[in-house]
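A quick write-up on the structure given underneath.
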Protein chains: 2
Amino acid sequence: MPPANAQRQSDRQSEILLAAQHCFARMGFHQTSMQQICAEAGMSPGNLYRYFPSKEAIIAGIAERDRAEVAEQFASADLSLGFFNVIEGLAQHHFVERSDEEVGICFEITAESRRNPEIARIHQAFDADVRARLLAMMRQAAERGEIVRDVDFEAVTTMLMVIADGIWSRRAADPTFDPKLLIPTLMDVTRHLLPAPRKGESQDKEGSR
Amino acid sequence: MPPANAQRQSDRQSEILLAAQHCFARMGFHQTSMQQICAEAGMSPGNLYRYFPSKEAIIAGIAERDRAEVAEQFASADLSLGFFNVIEGLAQHHFVERSDEEVGICFEITAESRRNPEIARIHQAFDADVRARLLAMMRQAAERGEIVRDVDFEAVTTMLMVIADGIWSRRAADPTFDPKLLIPTLMDVTRHLLPAPRKGESQDKEGSR
DNA sequence: TAAGAGAGAATGAACGTTCGCTCTCGGCTC
DNA sequence: GAGCCGAGAGCGAACGTTCATTCTCTCTTA
């Protein structure tokens, strides 16, 4: 197995995934035909099937690739900038800067995960990963004294993830929605849910009602 | 045109919508075949097409019916119970008590609205309606002195609707999610975004950062 | 020249929709 | 009341299309 060939194989696969993403984001998985993906990728069906065994495998490939991407970005977050700055940076990046196409494809993956067990597996693994990283970030911030300790971090994490889902969903379905305008409110809510400890106190305040 | 026939026609249509809803919530619009809807409705294709001219018309019928239902429930909310009680009641009803199937079908409608202009029209009209009602409720509550006046009600409404989207989306795609546990956090956030005026003051406080 | 890369017509299943038929009944004629 | 009629309700096979996938053939290149 020559490495040059493996590289070429992988490049072609990436090209196909990109072409498929364009189509899927526009029309959804089940309204995109293989012919359309072939046209977008500039490739015949016969050849495309040399790189992916089925349409489902392409969908799974996209889901897996996105999952890896987001996990990587999350992992590279630098907590020394301060917890709230990191959160705001992540929000800015994932809610505002991501293209409509990226948002669309994520939405489609979520929809598909409702009925395709393979996609559901990938989607839920991704979700659990994000949740764990968020929770860990909060606990570290509490250790550093940035936020109070006695908050129900699980509940706050759930709320933040729900808001993230909501922003995603609304970006996908509401053309009038501008996520930029929501960031201040989001940060206000986050700071309310995760209050800073009062100075010079050993913490004992209630965090959520 | 005898009214008995019109009634019968309308009943059959409702039956078909119900059967279709079961199928769609399970498999999504484009993975449900007309044959499956026929089987669920206990009816032949030929007969079903006497009540709906196309598959798309069934989808639109479901969207329209749900929109009417929710609008009605919203309209019957009794503000004299107090703003936060009404909000909590609506949250309880729409986020906790609604069945998985209802949640699933709403999610599918949202997904379909991304590519089907007719569904998009219905979905966006529904959305604008809910938003307007929520906004009106807040303004009334401010008039009554339940919450401060000088808050960016538009921004708060957007945030509440985003959270609603998120809860919906998560219920649809995350089997481990329990919306009941999130209601306290939701109400905490709502009360934070819409603070009560301080007693005996004519209000002049900043509402969102 | 052999093997991988690519093309595109062919295949067979599945789909949304249509069509021609039967059955059921309420009203009409005798 | 018996027999007939027409229209609406319902059936299910059939149609034409589209789709994912496969097959066979041709290029390219090392």
Side-chain angles (χ1 to χ4, degrees), chain A residues 1-24 26-63 108 111-112 115-119, chain B residues 1-24 26-63 108 111-112 115-119:
Chain A
M1 48 186 89
N5 275 13
Q7 179 59 35
R8 184 171 177 74
Q9 174 97 358
S10 162
D11 285 353
R12 273 271 181 278
Q13 283 185 345
S14 294
E15 283 174 42
I16 294 171
L17 287 185
L18 197 63
Q21 171 173 326
H22 295 149
C23 298
F24 289 157
R26 236 182 296 130
M27 326 258 300
F29 294 129
H30 300 291
Q31 282 194 287
T32 298
S33 72
M34 289 303 259
Q35 296 288 346
Q36 287 172 280
I37 300 174
C38 291
E40 183 83 31
M43 190 180 283
S44 67
N47 198 29
L48 190 148
Y49 271 85
R50 292 179 23 84
Y51 297 97
F52 287 95
S54 71
K55 191 180 183 181
E56 218 187 86
I58 298 181
I59 301 174
I62 291 179
E108 294 295 334
E112 183 63 14
R115 38 187 168 273
N116 185 324
E118 174 67 7
I119 307 301
Chain B
M1 51 186 87
N5 274 12
Q7 178 61 36
R8 184 172 175 73
Q9 174 100 356
S10 160
D11 285 353
R12 274 271 181 280
Q13 284 186 345
S14 294
E15 282 174 43
I16 293 171
L17 287 185
L18 197 63
Q21 170 172 327
H22 295 149
C23 298
F24 288 156
R26 237 182 293 129
M27 325 259 298
F29 294 130
H30 299 291
Q31 282 194 284
T32 299
S33 73
M34 287 305 256
Q35 295 289 346
Q36 286 172 281
I37 299 175
C38 291
E40 184 82 31
M43 189 179 285
S44 68
N47 199 30
L48 190 148
Y49 271 85
R50 292 181 20 87
Y51 297 96
F52 288 94
S54 69
K55 190 180 184 181
E56 220 187 83
I58 297 181
I59 301 176
I62 290 179
E108 294 295 335
E112 183 63 13
R115 38 186 167 274
N116 186 323
E118 174 68 8
I119 307 301

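Each chain gets a letter, A, B and so on, in the order the sequences are listed, and its residues count up from 1.
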task: Salt-bridge test for B:R115 and A:E108: reply yes if a basic N is under 4.0 Å from a carboxylate O, no otherwise.
output: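 A:E108 and B:R115: salt-bridged.
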Where the side chain of [X] meets the backbone of [Y], is there a donor-acceptor pair that is under 3.5 Å apart?
X: A:Q13; Y: A:Y51; answer: yes
X: B:E118; Y: B:A60; answer: no
X: B:K55; Y: B:H30; answer: no
X: B:Q31; Y: B:G28; answer: no

query: Along nucleotides 11-30 of chain D, 5' to 3', which nucleotides get a B, which get an S, and which get a -, given that the test is a protein heavy-atom distance under 4.0 Å?
result: BB------SSBBB-------
- request: Check every strand shown and say whether A:Y51 touches a base, only sugar-phosphate, or nothing at a heavy-atom separation below 4.0 Å.
  value: sugar-phosphate
